[in-house]
Number of protein chains: 2
Amino acid sequence: MVVYMRPLFHPSVQDVTVEAILHALSDPVRVAIYADIVGQNCSHNCVAFSNISEKPIPKSTLSQHFKILREAGLIRGERQGVEMHNTSRCAEIDKRFPGLIGAIVTAHKVQLADGERQTRAAKSKAARRTARSK
Amino acid sequence: MVVYMRPLFHPSVQDVTVEAILHALSDPVRVAIYADIVGQNCSHNCVAFSNISEKPIPKSTLSQHFKILREAGLIRGERQGVEMHNTSRCAEIDKRFPGLIGAIVTAHKVQLADGERQTRAAKSKAARRTARSK
DNA sequence: TCAATAGTACATAAATCCCGAACTAATGAA
DNA sequence: TTCATTAGTTCGGGATTTATGTACTATTGA
């Protein structure tokens with residue numbers, strides 16, 4: 001017997017707020033997840049993201065993160081069999097808040113690139129220091 | 001005798017993070033304050049914003065809000081006489097994260113306009129209801 | 001030096017966040 | 001059907017953040 005689950009709540013675009021979007025994306029784990037979902041056009045399940053940051057993220061925490069992204073109107077989550085497929089709602093949101101999502105995702109990329117550059121610089125600096133002290 | 005205050009902390013543009021910006025602007029009071037500072041090019045003191053939302057905001061709370069905006073790199077605060085002048089750092093930030101601030105401020109305006117439209121609609125609806133029930 | 005104004009610092013109550021444990025839903029195998 | 005497995009959600013309570021009243025500092029003007 002198949003009992004249909006009550007589907008997840010998704011706000012209509014008109015009820016989406018800038019505050020909720022910014023709050024949802026002000027967490028490093030959530031922007032990373034969202035940037036990933038937006039970047040690749042295929043859908044994603046939750047546990048796929050448990051290693052998105054240095055420390056593995058417990059699944060209860062991941063579930064909360066997805067709920068926040070969903071209720072901010074940023075993603076759509078649909079159960080398909082045993083897992084959840086998450087897709088970006090950026091096309092809808094872009095109509096209401098033009099350029100917002102794009103600018104945030106781009107900014108996130110810039111920051112990532114800068115961070116890697118700094119990390120590389122720090123590493124080679126450390127290497128030079130090590131070399132000198134020999 | 002004039003004793004110079006230790007000036008307030010302002011992060012350099014390179015240390016500004018997307019997360020801090022989004023977090024700072026994910027609060028309704030803070031976006032409203034920031035949108036105001038960006039919109040008008042003149043500088044502002046803190047207490048000028050105590051009536052920016054429905055409930056008057058205590059000044060200790062306002063001070064915290066300004067600190068968060070400042071430490072996110074969004075505004076520059078400089079003491080001039082007895083009061084503080086706050087100016088937007090959007091030109092600097094725009095170099096690092098192009099379009100980000102603009103998109104957020106625009107989105108905020110869209111939302112404000114939609115809200116007013118809804119409020120007006122609700123008001124006239126209420127008026128019609130009142131008229132009918134007479 | 002005193003009063004007034006603008007803002008900050010601190011303490012603590014309220015709200016929010018994180019995450020382990022227990023739970024639900026779907027699938028597949030026996 | 002029943003059991004095992006996988007994917008997520010919900011709940012509870014400790015940790016962290018946020019809001020704000022009170023007390024403080026800095027500056028100006030009388």
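Letters A, B, ... are given to chains in the order of the sequence lines, protein chains preceding strands, and every chain is numbered from 1.
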Asks: Rounded to the nearest Å, what distance is computed from the CD atom of residue B:Glu78 to the C1' atom of nucleotide C:dA6?
Replies: 16 Å

Asks: Rounded to whole angstrom units, what separation is found between the CD1 atom of B:Ile57 and the P atom of D:dG21?
Replies: 12 Å

Asks: Taking the side chain as every heavy atom from C-beta outward, state whether A:Asp27 and B:His23 have any pair of such atoms under 4.5 Å apart.
Replies: no

Asks: Looking only at heavy atoms, what is the nearest atom pair of B:Ile21 and B:Ala72, with distance?
Replies: CG1-O, 3.9 Å

Asks: Would you check, one step at a time, whether the test salt bridge (Lys or Arg N to Asp or Glu O under 4.0 Å) holds for A:Arg76 with A:Glu92?
Replies: CA-CA 11 Å; A:Arg76 188 176 296 284; A:Glu92 291 175 76; 3.2 Å; yes

Asks: Between C:dC19 atom C1' and A:Phe66 atom CZ, what is the distance in whole Å?
Replies: 17 Å

Asks: State which of D:dT6, C:dC19, D:dT9 makes the closest approach to the side chain of A:Pro58.
Replies: C:dC19

Asks: Which listed nucleotide (C:dC18, D:dT20, D:dG8) is nearest to the side chain of A:Met84?
Replies: D:dG8

Asks: Would you call B:Glu19 and A:Arg30 a salt bridge, taking side-chain N to carboxylate O under 4.0 Å as the test?
Replies: no

Asks: Please tell me if B:Ser60 has a side-chain N or O lying less than 4.0 Å from either OP1 or OP2 of D:dT20.
Replies: no

Asks: Report the distance from atom CZ of A:Phe49 to atom P of D:dA7, rounded to the nearest whole Å.
Replies: 14 Å

Asks: Are the side chains of B:His10 and B:Glu71 in touch, meaning some heavy atoms are under 4.5 Å apart?
Replies: no

Asks: At 4.0 Å (heavy atoms only), tell me whether A:Arg30 reaches a base, stays on the sugar-phosphate, or touches nothing.
Replies: nothing

Asks: Looking at the side chain of B:Gln64, which of D:dT20, D:dA7, D:dT9 is the nearest nucleotide?
Replies: D:dT20

Asks: Output the rounded distance in Å from NZ (A:Lys59) to P (D:dC11).
Replies: 16 Å

Asks: Among the candidates D:dG8, C:dA21, D:dT18, find the nucleotide nearest to the side-chain atoms of B:His23.
Replies: D:dT18

Asks: Taking for each residue the nucleotide of DNA chain C with the nearest heavy atom, is it A:Thr61 or B:Val82 whose nucleotide lies nearer the 5' end?
Replies: B:Val82

Asks: C:dC19 C1' sits how many Å from A:Lys55 NZ, rounded?
Replies: 15 Å

Asks: Please state how far atom NE2 in A:His65 lies from atom P in D:dG8, giving the value in whole angstrom units.
Replies: 15 Å

Asks: So, does B:Ser63 get its side chain near the phosphate of C:dG7, meaning an N or O under 4.0 Å from OP1 or OP2?
Replies: no

Asks: Would you mind telling me which residue lines up with the more 5' stretch of DNA chain C, B:Ala48 or A:Ile68, judged by nearest nucleotide?
Replies: B:Ala48

Asks: From C:dT8, D:dA19, C:dC18, pick the nucleotide closest to the side chain of A:Asp27?
Replies: C:dC18

Asks: Look at B:Arg79 and D:dT25 and indicate whether a side-chain polar atom (N or O) is within less than 4.0 Å of OP1 or OP2.
Replies: no

Asks: To the nearest Å, give me how far apart CD (A:Glu71) and P (C:dT16) are.
Replies: 13 Å

Asks: Ignoring backbone atoms, establish whether B:His85 has a side-chain N or O less than 4.0 Å from OP1 or OP2 of C:dG7.
Replies: no

